[in-house]
Every structure is written in C-alpha cells, then in structure tokens.
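In what follows, residues are counted from 1 in the order of the sequence shown.
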Amino acid sequence: MFDYLLTFTMIQFSAYIFLTAQVLVFIKADPLKGEQIFQADPQDFPFVVSFRQKMLEGLLDSEHFCTGSLITQIHVITAAHCFEERIESEIEAIIVGEYWIRPYVDHGIDYWLIYDSWARENGKAIEMPLNDIAIAKLSSPANREHITPVSLTNLNNKQLYGTKAMIIGWKAINEDSLTMVLLQGKVTILCPSKYERLLKLVANRIIKLNKIYLATFTAPYILASCGDSGGPLLDNNHFLLGVTRSTCPISRWGNFSEEFINQYKINLHSSVHYYSDFIENVTSLSKEQ
C-alpha cells in the first residue's frame, strides 16, 4: 500500500525542503501561468476573495498578495503562509462578486486562525508537517445578494483521483502587477503513481507527498503562482476540493519566471476533506460573532 506519511529518509527530507521553500520565501504576486488558461466569468465565482495589503495612508489602492474562498458569509479559507508577518488591521478582503472585482466589496479582517494553532488549542495531534491552511474571519458579513459562499466537497482524496477540476487565479497587467480579471485553468487531480513520475522528471529524485495534499496537472502546463496561493481548486460543479499552496518542486529562490517554468511541475493543494473537522469547528463556533 502506498505510504502517504512523510518519513525522513535522506531522499524524502530533500522533498520536505522543496515543499518548505514556498512557505519560507515571500515573493511578489504573479498571475496564473500556462497555455490552457482563459478568462473566467466572475459571476460564476462569487465566492473568490482577493486578500490585499493596504497601501500607505492617503493612497486609494491596495496590493493583492493572496487568494481565498468565502465558505460562509463571514469566513474565508486560504493558505496559512499568506498571513506570515502580516497584521490584521493592514489587510482587506475584496470579494469578486458579480462583475470582475470593481466596484470593491471590501471587508476588514477581525482575525485569522491557522490549522496548527487550532489543533494545539483543541488538544488535537498534529499528524503532518506544513499544514498550510487557515480561516480568516471578516469584520462584517458578505451579505450582498450576488455573493454566495462556495460549497465544500464531501469526497476524500482517493475518490477524487482522476477528477477533472479547475484552478482560479488572476491575470497580469505587466510583470509587476495584476489586473482584477479572473482566470481559470482546467487540470486533473493525479493519483500518487502519476504525480511521483512527473516529480521525478523535474527533480530527478523520488518525492512522496502525504495525504494532506491533492496534486493537479495538465498538458500543456498550468502552474499556480504566489498570488494564487490560498485560491480554490474546484470540481466542475464548483464544489471546493482544495486550497492552492504552491507548485512542486520549487526550482529556484525569488520571483516566478518563465525561464524556470517546467511543464512537468505539478500544483499542490491542501485537501479540504482532510481539514473538514477544522473547517466545521471554526465556522460553527464563530458565525456572526
């Protein structure tokens, strides 16, 4: 039977370093990249959230740094690494809504809770390293008529192998900034034997992933970038399957560059099913507080 648990042999420790690099290195937001990406209709995704860093006082704009998904009228699920070295009062959440991302539907952030903190507070054993998932609570409910939360899958990882899915991300204005135009790309959720074969082509070594991840791929490539961190992995019925974390393996430090794109890389997503207890507990305890 395939062993999902990460064991720290010399080879697998190298894999661990590859996965850790995405969390430790904070890089600017880049758009979804690939050859099978097309513009999405924002009305189809009224739960997508842009987390933005507020600019200096007096400036009207803010800077997108991560993506999320509204799972209740007041909770947004995203990647934990998005909040490293950030302050709640300096972040706003802008919900895409019905027509691109303007006019703004913006909300402050009361707080966020990462999985590891929740597990420790509730006496839960932390089985896996790098639990890159968090839930942010908005300062006010997203209760406009056209905004609706996403529904979560009740299928486990094994049931999702081979499933056609989609990644949602953003389009670039130029090398340094993003538009508010949503993009989507169609991918397939891979079983372990397939993603291991692809990872070996890139890294020239065996890399095993544990059960907290879903891995996606398509040919020609579609690769999530840092601005897509925390964004949704959806099935064709728009059920949330996973939360985008990074590409794997990481090939270099610094900004995502066309020079380093490898068509055999995969996208990693934290499995919604694995974290279902965390999601249910946090949203049920703090709704409308």
Side-chain angles (χ1 to χ4, degrees), residues 32 40-51 66-83 93-98 101 107 112-115 118 131-138 141-142 146-170 182-190 209 211-218 222 224 227-246 266-284 286-287:
L32 197 66
D41 184 344
Q43 295 182 71
D44 291 339
F45 306 102
F47 47 81
V48 176
V49 173
S50 170
F51 284 107
C66 269
T67 306
S69 299
L70 196 70
I71 53 174
T72 75
Q73 297 291 349
I74 206 163
H75 296 97
V76 180
I77 194 166
T78 188
H81 77 261
C82 290
F83 298 129
I94 299 176
I95 302 169
V96 170
E98 61 180 341
I101 203 169
H107 299 263
W112 57 75
L113 184 61
I114 65 173
Y115 175 81
W118 171 84
N131 294 286
D132 195 10
I133 196 161
I135 295 175
K137 182 176 178 290
L138 303 178
H146 60 272
I147 295 175
T148 55
V150 67
S151 297
L152 278 59
T153 185
N154 59 5
L155 300 178
N156 63 38
N157 287 14
K158 288 185 178 180
Q159 291 172 304
L160 292 173
Y161 293 155
T163 298
K164 301 298 182 184
M166 65 183 80
I167 301 176
I168 307 300
W170 305 97
L182 277 182
L183 300 178
Q184 66 183 84
K186 294 184 178 181
V187 293
T188 299
I189 298 175
L190 301 178
L209 305 180
K211 63 184 179 181
I212 66 176
Y213 294 120
L214 292 169
T216 62
F217 177 79
T218 194
I222 289 176
D228 306 314
S229 292
L233 174 69
L234 305 168
D235 68 12
N236 288 334
N237 294 315
H238 294 187
F239 279 83
L240 184 66
L241 310 178
V243 174
T244 298
R245 178 166 185 259
S246 64
I266 63 171
N267 300 292
L268 288 184
H269 314 268
S270 298
S271 165
V272 166
H273 183 267
Y274 180 84
Y275 294 102
S276 58
D277 289 347
F278 166 61
I279 297 167
E280 182 178 353
N281 180 258
V282 173
T283 56
S284 63
S286 58
K287 280 181 182 178

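- Between H75 and T283, the side chains place no donor N or O within less than 3.5 Å of an acceptor N or O (distance only, hydrogens not considered).
- The side-chain heavy atoms of I266 and T216, taken from C-beta on, include no pair separated by under 4.5 Å.
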Practice item. Under the side-chain contact (heavy atoms from CB on, under 4.5 Å) rule, what do L234 and V150 come out as? Steps first, then yes or no, please. Key: CA-CA 9 Å; L234 305 168; V150 67; 4.1 Å; yes
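- By the side-chain contact (heavy atoms from CB on, under 4.5 Å) test, A165 is found to be paired with V187, I189, L233, L241, residues two or more places apart in sequence or in another chain being considered.
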Check your understanding: Between L182 and Q184, does a side-chain contact (heavy atoms from CB on, under 4.5 Å) hold up when you go through it step by step?
Key -> CA-CA 7 Å; L182 277 182; Q184 66 183 84; over 6 Å; no
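- Minimum heavy-atom separation, T244 to A79: O-CB, 4.1 Å.
- Under the side-chain hydrogen bond (donor to acceptor under 3.5 Å, both in side chains) criterion, T188 pairs with K164, sequence neighbours left out.
- Between A215 and L209, the shortest heavy-atom contact is CB-CD1, 4.2 Å.
- What you find for T148 and P46 is that their closest heavy atoms are OG1-CG, 3.3 Å.
- Checking N157 against S271 by side-chain atom types alone, a donor-acceptor pair falls below 3.5 Å.
- Aromatic ring centres of F45 and H238: separated by under 6.0 Å.
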Practice item. Take S69 and L240 through the side-chain contact (heavy atoms from CB on, under 4.5 Å) test and state the conclusion after the steps. Key: CA-CA 9 Å; S69 299; L240 184 66; 4.2 Å; yes
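- W118 is linked by a side-chain hydrogen bond (donor to acceptor under 3.5 Å, both in side chains) to N281, counting only residues two or more places apart in sequence or in another chain.
- Considering every non-hydrogen atom in both N267 and H269, the closest pair reads CB-NE2, 3.5 Å.
- Here the closest heavy-atom approach between residue L138 and residue A93 is recorded as CD2-CB, 3.7 Å.
- Side-chain N/O atoms of S229 and H81 include a donor and acceptor closer than 3.5 Å.
- Partners of T163 by side-chain hydrogen bond (donor to acceptor under 3.5 Å, both in side chains), not counting sequence neighbours: none found.
- Put simply, the side chain of I167 does not reach to within 4.5 Å of the side chain of D228, judged on heavy atoms.
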I'd like a table of donor-acceptor pairs (distance under 3.5 Å, sequence neighbours excluded) in which one partner is a side-chain atom from residues 272-279, with atom names and distances.
{"from": "Y274", "atom 1": "OH", "to": "E127", "atom 2": "OE1", "distance (Å)": "2.9"}
{"from": "Y275", "atom 1": "OH", "to": "N131", "atom 2": "OD1", "distance (Å)": "2.7"}
{"from": "S276", "atom 1": "OG", "to": "H273", "atom 2": "O", "distance (Å)": "3.0"}

**Study point:** Step-by-step side-chain contact (heavy atoms from CB on, under 4.5 Å) determination, T78 to T67
**Key:** CA-CA 7 Å; T78 188; T67 306; 6.0 Å; no
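- Of all heavy-atom pairs between D44 and F47, the closest is O-CE2, 4.3 Å.
- Every side-chain contact (heavy atoms from CB on, under 4.5 Å) that A136 has, sequence neighbours left out, goes to F51, F83, I109, W112.
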